[in-house]
Structures are given as C-alpha cells and as structure tokens.
Number of protein chains: 2
Amino acid sequence: MNTSTEENYLKAIYHLSLQSENVSTNQIAASLNTKAASVTDMLKKLADKELINYAKYQGVTLTPGGEKIALSIVRKHRLWEYFLVEKLNFKWDEVHDVAEELEHISSKELIDRLDDFMGNPKYDPHGDPIPDCNGLFKAHELKPVSSLFLNDSGIISGVRDHSSSFLQYLEKMQLTIGKKIKVAEINDYDHSVILNSEDKKVHISRDVANNLLISL
Amino acid sequence: MNTSTEENYLKAIYHLSLQSENVSTNQIAASLNTKAASVTDMLKKLADKELINYAKYQGVTLTPGGEKIALSIVRKHRLWEYFLVEKLNFKWDEVHDVAEELEHISSKELIDRLDDFMGNPKYDPHGDPIPDCNGLFKAHELKPVSSLFLNDSGIISGVRDHSSSFLQYLEKMQLTIGKKIKVAEINDYDHSVILNSEDKKVHISRDVANNLLISL
DNA sequence: TAAAATTTTTAGATTAGTCTAAAATTATTA
DNA sequence: TAATAATTTTAGACTAATCTAAAAATTTTA
Ligand SMILES: [Mn+2]
Ligand SMILES: [Mn+2]
Ligand SMILES: [Mn+2]
Ligand SMILES: [Mn+2]
C-alpha cells in the first residue's frame, strides 16, 4: 500500500502530465504547496517503487503502475464529489476539500459500490470525467467560450478554474453545467462576451470566457 | 486539529472507560495493537493537550474535551457503518474496517448531512447507539441471553463480540438484530441454550449466549 | 560560449509515531 | 514485610515527511 502523501504526489504528477508530458520538480512543489527539496526526496521514493520514471534534473513521468494509482485516486475524488452534490446537497463549490480527504479511503469495494449506488455517473459536478473501475473514461470535446464566434451556441460542460470563487460566480450568473448558451455579442475592445442563456443576457469578462468550457 | 492517531487513542480510552473508569497503559496498548512504551509517549501528548487526565503509573481518564472528541469519532464510525449496510448493501460483518478509516474524515458538515440523509438513525448495524451531533445518545437496556430464564423472551438488540466470525455465525443462525426470541430450553450441564426464533429452534453454546444481547 | 540566473539536489535538522531494552515503580504473595 | 512479579516509564534508535541553507547542474542571455 501507499501513503496518502504518495497518492497526492502521483495525482499531482498525473494532472500536470496532461499539460506538459515531462513534469518538473518545481511544478510539483507548487501544485502541492511544498518545497522543491521535499519533492526530490519523494521522487526518489516513488522511483524506487517504480511508480515514476525519474532521472536527476530531467523531470518525471508516471509509469503504467503509477498512472493506475493516480487514476484510482481521481476516480475516488470525482465519485465522492458527485455523492456530496447529488445525495447530500452540497454546492459544487463546497466539495473539493472534503473529497481531498475521502479520495484516500482505501477500500475498492466501497468505491465500486458507491459508484453503483449513484448509477455509475460519467461526469463529476464540475464536468470532469469519472474513470470507471478499470481507469477508463472518455472526456468531452471541450472548448472555452472565448474561442466561439458570434451566434455560436453550445452547452456548458466544464470549467478550467476550479476555485470556489469562480464556481460561486458562475452559480450567481446561472452559468452552470448543462445550461445551453449562445454568443450574442463579442466586444472587440476587452474581449468580453455577452451570452444568451435561457432568454437572459449575461455579460462575462474575457477571463470568465477563457475558463468556461462548452461542448457543441 | 488532532491526528487520526490521537483520535484512535481517545476512542480506545473511551471504550475502555465504559468497563473500568481508570484505564491502564497496557489496556490501551492491547486495544490498539501497539506497545506500552508507545502508549506512554502518546499519553503525555494527550495530557499536554488537556484531553486526558494522566498521572504517571496511575492510568488515565478522559477530560470533557477528550470525551467530546471520542464521541464525535464514535458517531462518525457508527453512522458510516449504517450507511455502508443500509445504502451500499454491505453485510454487518464487513463494515468495521472501512468505518475505521472513514471515521477520521474531519468535515462536521459532511457527517451531519449524512446523518440527515439517512433519517437520523439511532442505532448502528450492530445495535450500538449513535451519538447525535451534540454527542448525546441513550443506550438500550441490554442483557445477555445467558442471563435469561426458561420461557423468557426478548428482541435481539446487540452483540458483545464484534468479530466478523461471531457476526457471520449469527447471520448463519438467523439471529440478527430485531429478531424476537424465546428461551425454550437451558442445558444445566454446558449452559447451552435452545432458542425459539420464528418457529425454528436454534441451539447456541454458552459463549454465544454470553455475547448475544437482548432487550425485553 | 562564458557569466548569470534558475532549477534541482544534497546535507543536516525537526516532528510524529513507533520500537526494543533497561530502569523505575507498583502490586502480589509468601 | 521483604522478595518477586508485573506494569509502566525512560533512553535511545528508526522511518516518513517536512524544512532551510548550501552545493551542483542546467538553462538563459548577452
Ligand atoms: Mn475537486
Ligand atoms: Mn471536480
Ligand atoms: Mn465497528
Ligand atoms: Mn458497529
């Protein structure tokens, strides 16, 4: 078995790998709020366990074994988030920290039964895909609102920023997962966008448009 | 906040206190599968935090603060066990180890919502009382089958032994929580007992009769 | 392509929890 | 009540995870 610290490192490396293939010590340190020296120590340990490929100064990638563990943590995180929102009526901006703890509960039986209990959901409350019990999932094809053209329309299906302040803002604007939107106006000067959503017009800034993801 | 190790010590002291008022170092070591030397170290730490009353060589008691934490862990343990059995279809002999992990999830919001989601159950799958969000509960008045007389009857409401082998045995004999039983015969020689339960006769040994608890 | 800047690793401490072995204290019992 | 037994504490060591400060390697840049 692995400690929850090891699991957190593997998960962090997994998420960073989606951006950059090879992951650096400093990237990991930043994403775990720790120091580069601590990361180096842990990388040695994970390399000894053959969960990562690590050569000094060269960054790391996950081995198949490491990726399998990372995916199982991601699966648990997202299933628990779904449970919290759908069964216990938490808001989508309140679940992340609790899921950070729950994702380290080790019982595979528990998580597989929880999955069945909830009807095997495919996406978590933030639109992120939930790996199945074999680690398999398919992501939506998503693009940011900022990449749409005038009169394009689509369905809100994910977010690029998971911070509670962003999620709360979207909630307030009623721009939540599943809502249909259409681009009513694009402001050339500041790149802000006016959306049509359920007969209302919603004006969002360039930043928001960049972090709000649409499927067509 | 307290570490889960500290929480485990407080919970162990709480359970042992129900038997013996003052709890000894060796009792704690036995119940946590650790060594007396380790226990002494932890007792100092818990005493520093004013969670226990501790005087060298004299054993310990919980302070009000320590008892409050212990009860919150017991509450979480039992509510999660209830969830596992009632919502996820675990058997009553399969839930303890998973609950040992889940009981350390720190969110109070989570456990209070879980409690509401399940309809605020008063007893866990083994008949043990579930403290409410203020740590209050009332236990059944329970007596072992071995203390009953011929033709006494009652309802199975708890167990004294929580081992899976005992729970599995009771399951096989269909002697589970809620079943009505009546003492049909008492064997003077080996103190075994024959019960009437749902028109069937069940023969149980002295040991089983000692560990099976009845409310009248 | 050599100096400067940045990143990464090493060295040496620290904290929490655990252990064994030995010393101190308390309890038993003859 | 003094010897013996049992319990409990102390002393010293170990592992996992972390940190700061310094050294080493790599990358940038002029
Ligand atoms: Mn999350
Ligand atoms: Mn999520
Ligand atoms: Mn239990
Ligand atoms: Mn129980």
Side-chain angles (χ1 to χ4, degrees), chain A residues 1-14 16-17 19-62 66 69-70 73 100-101 103-106, chain B residues 1-14 16-17 19-62 66 69-70 73 100-101 103-106:
Chain A
M1 253 314 94
N2 308 288
T3 64
S4 39
T5 306
E6 289 169 335
E7 292 179 345
N8 283 334
Y9 273 86
L10 292 171
K11 188 178 58 148
I13 295 166
Y14 172 79
L16 292 166
S17 298
Q19 297 284 321
S20 51
E21 175 74 21
N22 235 50
V23 176
S24 76
T25 301
N26 266 358
Q27 283 179 299
I28 298 168
S31 101
L32 293 176
N33 276 300
T34 184
K35 297 296 152 74
S38 310
V39 173
T40 300
D41 284 347
M42 181 57 85
L43 295 184
K44 285 179 195 161
K45 191 189 309 181
L46 294 174
D48 284 347
K49 291 187 163 196
E50 300 188 53
L51 298 173
I52 60 172
N53 305 114
Y54 170 56
K56 269 190 200 174
Y57 294 100
Q58 304 314 149
V60 298
T61 57
L62 291 174
I69 293 168
I73 305 302
E100 286 292 309
E101 284 187 66
E103 71 189 6
H104 301 292
I105 302 295
S106 60
Chain B
M1 251 312 95
N2 308 286
T3 64
S4 42
T5 308
E6 288 170 335
E7 291 180 344
N8 283 334
Y9 273 87
L10 292 171
K11 186 177 61 148
I13 295 166
Y14 171 79
L16 292 166
S17 297
Q19 298 283 321
S20 50
E21 175 75 19
N22 235 50
V23 176
S24 76
T25 300
N26 265 356
Q27 283 178 299
I28 298 168
S31 100
L32 292 175
N33 277 301
T34 184
K35 295 299 153 71
S38 309
V39 174
T40 300
D41 284 347
M42 182 57 85
L43 295 184
K44 285 180 197 160
K45 191 188 310 183
L46 294 174
D48 282 347
K49 291 186 165 197
E50 300 189 53
L51 298 173
I52 61 172
N53 305 113
Y54 170 57
K56 269 190 199 174
Y57 294 103
Q58 303 314 148
V60 298
T61 58
L62 291 174
I69 293 169
I73 305 302
E100 285 292 310
E101 285 187 66
E103 73 189 6
H104 301 293
I105 301 295
S106 59

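Model, not experiment: these values are computed from the prediction.
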Distance test, side-chain N/O of A:Y9 to OP1/OP2 of D:dT18, below 4.0 Å: yes

note: B:K49, atom NZ; C:dT15, atom C1'; distance rounded to Å ~ 13 Å

Contacts of A:K35 meeting salt bridge (Lys or Arg N to Asp or Glu O under 4.0 Å) (sequence neighbours excluded), chain-then-number -> none

Taken in chain and number order and not counting sequence neighbours, the residues that satisfy side chain to side chain donor-acceptor pair (under 3.5 Å) with A:E7 are A:H104

Using distance only, find each side-chain donor-acceptor pair of residues 48-58 of chain B under 3.5 Å and give its atom names and separation, not counting sequence neighbours.
| unit_1 | atom_1 | unit_2 | atom_2 | d |
| --- | --- | --- | --- | --- |
| B:K49 | NZ | B:N2 | OD1 | 3.4 |
| B:K49 | NZ | B:E6 | OE1 | 3.1 |
| B:K49 | NZ | B:E6 | OE2 | 3.2 |
| B:N53 | OD1 | B:T61 | OG1 | 3.0 |

In whole angstroms, the gap separating P of C:dT18 from CG of B:N33 amounts to 11 Å

Sorted by chain and residue number, the salt bridge (Lys or Arg N to Asp or Glu O under 4.0 Å) partners of A:E101 (sequence neighbours excluded) come out as none

Across all chains, not counting sequence neighbours, the side chain to side chain donor-acceptor pair (under 3.5 Å) partners of B:S17 are none

Check: Does the side chain of B:V39 come within less than 4.5 Å of B:Y9's, by heavy atoms?
Finding: yes

Exercise. Can you check whether A:K35 has a side-chain N or O nearer than 4.0 Å to OP1 or OP2 of D:dT20?
Worked result: yes

Once base and sugar-phosphate atoms are separated, protein heavy atoms under 4.0 Å mark nucleotides 8-13 of chain D, 5' to 3', with B, S and - as BBB---

Applying the 3.5 Å cut-off to both distances, the Watson-Crick or G-U partner of D:dA30 turns out to be C:dT1

